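Excluded from the calculations below are hydrogen atoms, water molecules and symmetry mates; all remaining heavy atoms, backbone and side chain alike, are included. The shown structure was predicted, so the numbers you read here are calculated from the model rather than taken from an experiment.
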Amino acid sequence: MKYSLLILSLLFACYLQAQNPVIDSLRTALADATELTEQIDISVDLASNLFGIKPDSAKMLGQFAKGLIPEVQDAKTRVMAYRKVGLGYHRMRMLDSALVLFQSGLAIAKKEEDLKGQAFTLNSMGSLYRSMDKRDEALKHFAAAKETQEQRGDLAEATGSSINIGLIHMERGDYDQAIPYFKTAAIILDSLGNQEYRLISLLNLATCERRRGNNEEALPNYQKALEIARELEKPDNEGLLLALIGYVYRDQGNFTKAIEFNQEALRVRQGIGNKKLIANSLSNLAQIYHMLQDYEQSTAYLQQALDTAILLEDKGLQAGTRLKIGNNQKLSGQYDEALINVRYTLDFRQANGPERQINIPYQYLGSIFLAKGQLDSAYYYLNQGLEFSRKYADAQYQSLCLLDLGKVDQQRGLLPQAIAKWEEALVILPPKTFTQEEAAIAEALYGGYKAQNQTAKALFQLEKFKLLQDSLFGEANTKALARLELSLSLIHI
């Protein structure tokens with residue numbers, strides 16, 4: 001023990017050049033800690049906060065905490081120590097090692113018939129499997145956690161596991177399956193007076209509704225969750241919900257309100273002092289101006305976000321922000337500058353992950369080469385993007401890759417193949433969810449059908465394109481679009 005702490009004291013001397021009050025506070029707390037479990041807890045928290053800045057030092061701290069676990073004498077306490085260190089390894093993306101720690105703790109909990117330890121560890125394993133993209137395993141472990149919590153008679157924690165089950169369905173796009181979990185949880189938690197979990201349930205319920213295009217259902221649930229966040233004095237949640245309400249107004253085409261709520265979210269996050277969340281709000285504002293085709297203002301916000309990411313020494317955030325800057329440069333005709341930024345992101349994600357997001361820079365690079373008229377390069381990158389999008393069931397980027405691949409076919413004189421890709425893109429894309437993408441596909445199909453003299457189909461896609469572009473699904477035009485889709489079924493094509 002003393003030898004380990006001596007090593008830690010040497011590590012502290014070289015951890016950080018810049019001042020970070022959270023890390024400094026944890027370093028001081030660890031130096032003063034005397035209880036074994038306290039040393040484990042603080043070591044893990046410090047490692048989690050250090051990981052984005054000094055990953056090697058963070059991993060050494062994690063190993064130090066892991067080494068303390070066998071010294072914990074009480075079996076139930078040791079179960080929670082395995083879970084705590086496993087959570088730290090999870091946050092540091094050491095997923096296989098985290099799984100081993102959880103399994104070790106779960107084995108002890110089962111041997112000791114420790115239902116609480118079993119339930120909490122099963123929930124943590126569910127979250128880990130979710131991060132590993134093993135959603136069937138995640139569902140199985142969340143369900144087992146729920147059953148164990150019910151055995152304990154802990155209705156609040158059992159409902160928390162139900163929320164996790166709903167979350168997996170939501171991530172799969174199974175909103176009809178997810179929504180009942182969130183609705184039931186919100187009612188139960190309100191009756192229990194557990195407003196903290198109710199907030200999470202309302203937030204997820206609203207997000208499901210927003211993703212399936214029901215902004216009118218989403219907005220009041222977000223607003224209620226925002227009220228609860230303010231009552232509970234949870235500024236992190238308040239900032240998130242302000243941003244999400246901004247998304248709803250953005251999707252409705254109410255950009256004035258969208259900017260207003262995102263600016264308020266930015267002010268709340270600046271008050272917290274969380275630079276990563278500040279960068280998120282700056283990116284949200286940049287996205288709104290991107291949609292307004294004000295690429296100069298959008299890039300100005302993104303540059304602030306990039307400066308923040310550089311200050312944080314967060315390479316992943318830098319890569320994501322440079323990708324967005326590259327997209328603005330592409331749309332502004334600055335193709336060579338765009339290629340530099342997007343290739344940086346692709347290289348970073350190929351080396352560091354996450355693999356599920358590698359499709360985006362591939363699609364962007366393909367679209368840049370398409371704009372430059374370099375069709376072979378465009379075709380290669382778009383097919384790579386399509387392959388990864390299909391692997392991770394990303395409907396939005398599958399559709400975007402197919403849209404641009406169709407344009408490559410069109411420029412090569414292969415119009416039937418182009419139309420087939422655009423029709424497939426439209427089928428894949430969930431309706432009333434990705435408005436701009438749906439509009440772009442409608443515009444492409446209009447041109448394709450017109451060139452083939454398929455007049456009725458061409459006029460339908462033209463009218464659909466106009467409604468989508470003009471409204472971003474404002475209420476009146478949503479009804480008009482529904483009438484238009486109904487009229488198509490009456491036309492013999």
Side-chain angles (χ1 to χ4, degrees), residues 170 175 179 199 202-230 235 237-270 277-302 304-305 324 327-328 331 396 400 429-443 463-485:
M170 181 175 77
Y175 303 124
I179 284 171
L199 185 158
L202 288 168
L203 188 157
N204 288 328
L205 174 59
T207 299
C208 279
E209 295 291 7
R210 179 174 66 85
R211 287 182 181 175
R212 64 177 187 175
N214 294 337
N215 283 317
E216 290 77 12
E217 293 288 334
L219 188 57
N221 285 308
Y222 278 142
Q223 289 169 331
K224 182 59 183 175
L226 178 60
E227 289 175 20
I228 295 170
R230 286 171 169 165
N237 292 119
E238 181 183 359
L240 172 62
L241 285 155
L242 286 165
L244 289 168
I245 291 170
Y247 291 166
V248 172
Y249 284 124
R250 179 202 67 192
D251 293 346
Q252 291 178 327
N254 191 339
F255 294 113
T256 301
K257 280 282 189 183
I259 291 169
E260 176 189 326
F261 273 85
N262 276 289
Q263 285 178 335
E264 189 176 352
L266 177 61
R267 285 192 292 272
V268 169
R269 289 168 168 179
Q270 286 171 332
L277 293 177
I278 290 169
N280 174 262
S281 285
L282 290 166
S283 293
N284 288 341
L285 285 162
Q287 185 182 26
I288 296 168
Y289 283 101
H290 174 90
M291 292 176 73
L292 291 167
Q293 298 182 3
D294 187 343
Y295 302 125
E296 184 177 353
Q297 183 61 59
S298 176
T299 300
Y301 276 117
L302 287 172
Q304 291 182 59
K324 294 171 185 174
N327 193 32
N328 280 343
L331 294 168
Q396 181 184 12
L400 286 171
L429 199 65
K432 303 181 183 179
T433 304
F434 299 107
T435 309
Q436 288 193 319
E437 290 82 352
E438 196 173 353
I441 296 167
E443 183 180 25
E463 190 63 25
K464 183 177 182 180
F465 167 72
K466 289 178 179 177
L467 287 169
L468 289 166
Q469 281 289 89
D470 291 346
S471 71
L472 283 172
F473 289 106
E475 183 178 356
N477 279 322
T478 298
K479 292 176 181 176
L481 185 59
R483 289 194 298 271
L484 178 65
E485 289 170 342

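- E209 meets the side chain to side chain donor-acceptor pair (under 3.5 Å) test with R212, N214; sequence neighbours excluded.
- Take N254 and apply the side chain to side chain donor-acceptor pair (under 3.5 Å) test, not counting sequence neighbours, and it matches no residue.
- With a 4.5 Å cut-off on side-chain heavy atoms, Q297 and L292 do not count as touching.
- Atom CG of residue N215 and atom CG of residue D251 lie 5.0 Å apart, to the nearest 0.5 angstrom.
- I278 approaches Q270 most closely through the heavy-atom pair CD1-CA, 3.8 Å.
- Between Q287 and R250, some side-chain heavy-atom pair lies under the 4.5 Å cut-off.
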Listed pairs under 3.5 Å, donor-acceptor, residues 258-266 side chains, sequence neighbours left out:
| unit_1 | atom_1 | unit_2 | atom_2 | d |
| --- | --- | --- | --- | --- |
| N262 | ND2 | A258 | O | 2.9 |
| E264 | OE2 | R230 | NH2 | 3.0 |

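- What you find for A229 and L241 is that their closest heavy atoms are CB-CD1, 4.1 Å.
- Every residue meeting the salt bridge (Lys or Arg N to Asp or Glu O under 4.0 Å) condition with E227, not counting sequence neighbours, appears here in chain and number order: K224.
- Residues Q293 and L331 are not in side-chain contact: their nearest non-hydrogen atoms beyond the backbone lie 4.5 Å or more apart.
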Exercise. List the steps, then state whether side-chain contact (heavy atoms from CB on, under 4.5 Å) holds for L302 with H290.
Key: CA-CA 10 Å; L302 287 172; H290 174 90; over 6 Å; no
Practice problem: Could you check L219 against Y249 for side-chain contact (heavy atoms from CB on, under 4.5 Å), going step by step and ending with a plain yes or no? | Solution: CA-CA 9 Å; L219 188 57; Y249 284 124; 3.8 Å; yes
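- Contact annotation: the side chain of K464 approaches that of E438 to within less than 4.5 Å [non-hydrogen atoms, C-beta and beyond].
- Across every non-hydrogen atom of L282 and A305, the tightest pair is CD1-N, 3.8 Å.
- With sequence neighbours left out, Y247 forms a side chain to side chain donor-acceptor pair (under 3.5 Å) with N284.
- The two residues F465 and A439 come nearest to each other via the heavy atoms CD1-O, 3.2 Å.
- The CG atom of L226 sits 4.5 Å away from atom CD1 of I245, with the distance rounded to the nearest 0.5 Å.
- Shortest non-hydrogen contact noted between M170 and Y175 is O-CE2, 3.4 Å.
- Every residue was checked against the side chain to side chain donor-acceptor pair (under 3.5 Å) condition with Y301, not counting sequence neighbours, and none meets it.
- In this structure a side-chain-to-backbone donor-acceptor pair under 3.5 Å is missing from S298 to D294.
- Listed here is the closest heavy atom pair of P235 and V268: O-CG1, 3.5 Å.
- Rounding to the nearest 0.5 Å places CG of L242 at 10.5 Å from CD of Q223.
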